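Fair warning: this is a prediction, and the values are worked out from it, not measured in the lab. For ligands, and for the atoms within them, numbers begin at 1 and follow the listed sequence. Quick note: residue numbers are just sequence positions, from 1.
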Amino acid sequence: MIDTATITAMDKEDPLAHKRAAFYLPAGKVYLDGNSLGALPLAAIERVQTTLQQQWGEDLINSWNSHGWIDMPQAVGEKIAPLIGAATGQVICCDSISVNLFKLLATALQMRPGRTTLLSVADNFPTDLYMAQGLAALQGETGCQLQQVNEADILASIDENVAVLMLSHVNFRSGYILPMQDITAAAHAAGALVIWDLAHSAGVLPVELDACDVDFAVGCGYKYLNGGPGAPAFIYAATRHHDNIQQPLSGWMGHRNPFAFDPMYVPAQGMQQFLCGTPPILAMAALDAALDVMTDISMHALRQKSIALGELFVNLVAQCELADTLQLYSPKDPQQRGSQLAWSHRAAYGLCQAWIEQGVTADFREPDILRVGFSPLYTSYGDIWDAIERLRAVIASGAHLDARWQQRHKVT
Ligand SMILES: *Cc1c(COP(=O)(O)O)cnc(C)c1O
């Protein structure tokens, strides 16, 4: 039986406990949604202030040189690189995952002339599929088709017409982790390329892009990297591909010499060729400061705590009456899932909303999933205990069945 004494001891022995103080966390609340929007790092408040007042305010346009604004996409990319197992010169910070996927899908398609299939899974995050559908529409039916299969059928679906596999490392709904190394190897054996979406893995579990021989990847700045709402995303491209690719969003920041104002586009070398327009400096400054919180910790330590938080949640559910109503939709084996748990419940939306009213933030995903995310940098074991106690109170009171929850918010 787990009790509050166990929880207190777990928090006391937690080697990452001190990191919680690096974040602003609203008093009395439990935040289990860092997988959708990471919490606010205190360092980001100060950095954005400085960027606004001293840099933009005082130094104005000179800041592009004097404060290194122009090099921020590369500099921030280099801070992300060690978190995802990438050697230097292969990661750049820019745009959103959606836009970056478009660049990479088009690039990959061009690298495999004669092959026209983009292979993905039907349960991939919708924007990934939408971007592939948009590219397919642009290329015309004979130029490109998106094939969506089940996770279990990926390997069997790789044939000689597949130009590229586009897969999410961690499934956004179930948390299921796809075997990156095996799938990448199988794709390469069949002559196909792979793009991995690291939205739910970058910054929370060990990712080894170089060691897995990955071609391309994208990831998110506002989830486990805590870069703030709408923070810019990132692209990884293996060095071996840099000299024989052409991405289609050929904006001036990706030009070899943007300030030559040459009427002809000539791509930059290396990762700069993936840039398009002017970088959002305020947003990038917040992300840059947020990344500093992670420089002195290992992904393995994060992973260990993430698994312990998830297992604690599972075990607390199992030892009370919640076990009768909540069904685990995520893999049971913690090694097979990311830093989140999905629970099926008939009234999952109401449950989520009533829980939020009790100060616990989680989210709802179609069709009946209550999703909780664990951010080992700032989620404590005490948070999990409090969250479970408040969930029990919600169900006991019937607050989740309130008629108000018939109507859903725009963002669930
Ligand atoms: C969150 C998420 C995205 C978000 O894409 P943006 O274009 O950056 O908003 C994309 N893919 C996956 C798998 C995600 O979880």
Side-chain angles (χ1 to χ4, degrees), residues 32-39 73 76-77 80 83-84 91-106 118-135 146 148 151 154 164-178 180 183 194-205 207 209 214 216-236 247 249 274-277 279-280 283-284 286-287 290 306 330 337-342 362-366 369 371-375 410-412:
L32 301 180
D33 216 355
N35 53 328
S36 267
L37 174 65
V76 175
I80 296 170
L83 307 178
I84 54 176
V91 183
I92 198 156
C93 179
C94 57
D95 301 314
S96 59
I97 288 189
S98 305
V99 170
N100 289 336
L101 279 174
F102 186 84
K103 297 174 199 169
L104 290 177
L105 285 167
L118 312 176
L119 182 64
S120 193
V121 294
D123 194 29
N124 201 343
F125 192 83
T127 201
D128 300 39
L129 300 174
Y130 300 162
M131 295 312 290
Q133 288 161 16
L135 178 64
L146 170 66
Q148 298 172 203
E151 279 168 351
I154 295 169
V164 58
L165 278 76
M166 173 186 67
L167 299 168
S168 289
H169 187 205
V170 174
N171 181 293
F172 77 102
R173 212 187 316 257
S174 69
Y176 180 65
I177 302 177
L178 287 177
M180 180 180 281
I183 292 178
V194 186
I195 303 169
W196 286 100
D197 183 336
L198 309 177
H200 289 278
S201 49
V204 76
L205 55 92
V207 178
L209 294 181
V214 167
F216 302 107
V218 294
C220 195
Y222 56 80
K223 290 174 179 162
Y224 294 109
L225 299 184
N226 310 306
F234 64 87
I235 295 187
Y236 161 94
Q247 68 96 355
L249 301 184
F274 286 102
L275 296 184
C276 184
M284 219 171 266
L287 174 58
S306 145
S330 298
R337 59 174 195 246
S339 201
Q340 70 202 60
L341 289 171
D363 60 23
F364 165 83
R365 288 294 177 264
E366 291 286 356
I369 303 286
R371 194 177 66 159
V372 289
F374 310 110
S375 295
K410 262 191 187 169
V411 176
T412 62

With atoms numbered from 1 as shown, which atoms in ligand 1 lie under 4.0 angstrom from a non-hydrogen atom of [X]?
| X | answer |
| --- | --- |
| Thr127 | 5 (O), 10 (C) |
| His200 | 15 (O) |
| Ala199 | 2 (C), 12 (C), 13 (C), 14 (C), 15 (O) |

Which residue and atom name correspond to the protein heavy atom nearest atom 4 (C) of ligand 1, and how close is it?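 Answer for atom 4 (C) of ligand 1: Tyr222 OH, 3.3 Å.
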Give me the nearest non-hydrogen protein atom to atom 7 (O) of ligand 1 as residue plus atom name, then the distance to 0.1 Å. Ser98 OG, 2.5 Å
Any nitrogen or oxygen of Asp128 lying under 3.5 Å from a nitrogen or oxygen in ligand 1? Just yes or no.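 Yes, at least one N or O pair falls under 3.5 Å.
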Hey, does Ser168 come in under 3.5 Å of ligand 1, counting only N/O atoms on both sides?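 No; the residue has no nitrogen or oxygen that sits under 3.5 Å from a nitrogen or oxygen of the ligand.
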Calculate, to the nearest 0.5 Å, the distance between atoms CZ and CG belonging to Phe102 and Asp95 respectively. 12.5 Å
Between CG of Leu205 and NE2 of His200, what distance do you get to the nearest 0.5 Å?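 Result: 11.5 Å between the selected atoms.
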Who's closest to atom 15 (O) of ligand 1 heavy-atom-wise, of His169, Lys223, Met131?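 That would be Lys223.
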A side-chain contact here means heavy atoms from C-beta on lying under 4.5 Å apart; do [X] and [Y] qualify?
| X | Y | answer |
| --- | --- | --- |
| Phe216 | Val164 | no |
| Ile177 | His169 | yes |
| Val218 | Asp128 | no |
| Leu225 | Cys220 | no |

Heavy-atom gap Ala233 to ligand 1 smaller than 4.0 Å: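 Distance cut 4.0 Å: Ala233 fails for ligand 1.
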Step by step, would you call Asn171 with Val121 a side chain to side chain contact (heavy atoms under 4.5 Å, CB included)? CA-CA 10 Å; Asn171 181 293; Val121 294; 5.7 Å; no
At a non-hydrogen distance cut-off of under 4.0 Å, which region of Ile97 contacts ligand 1 (side chain, backbone, both, or neither)? both
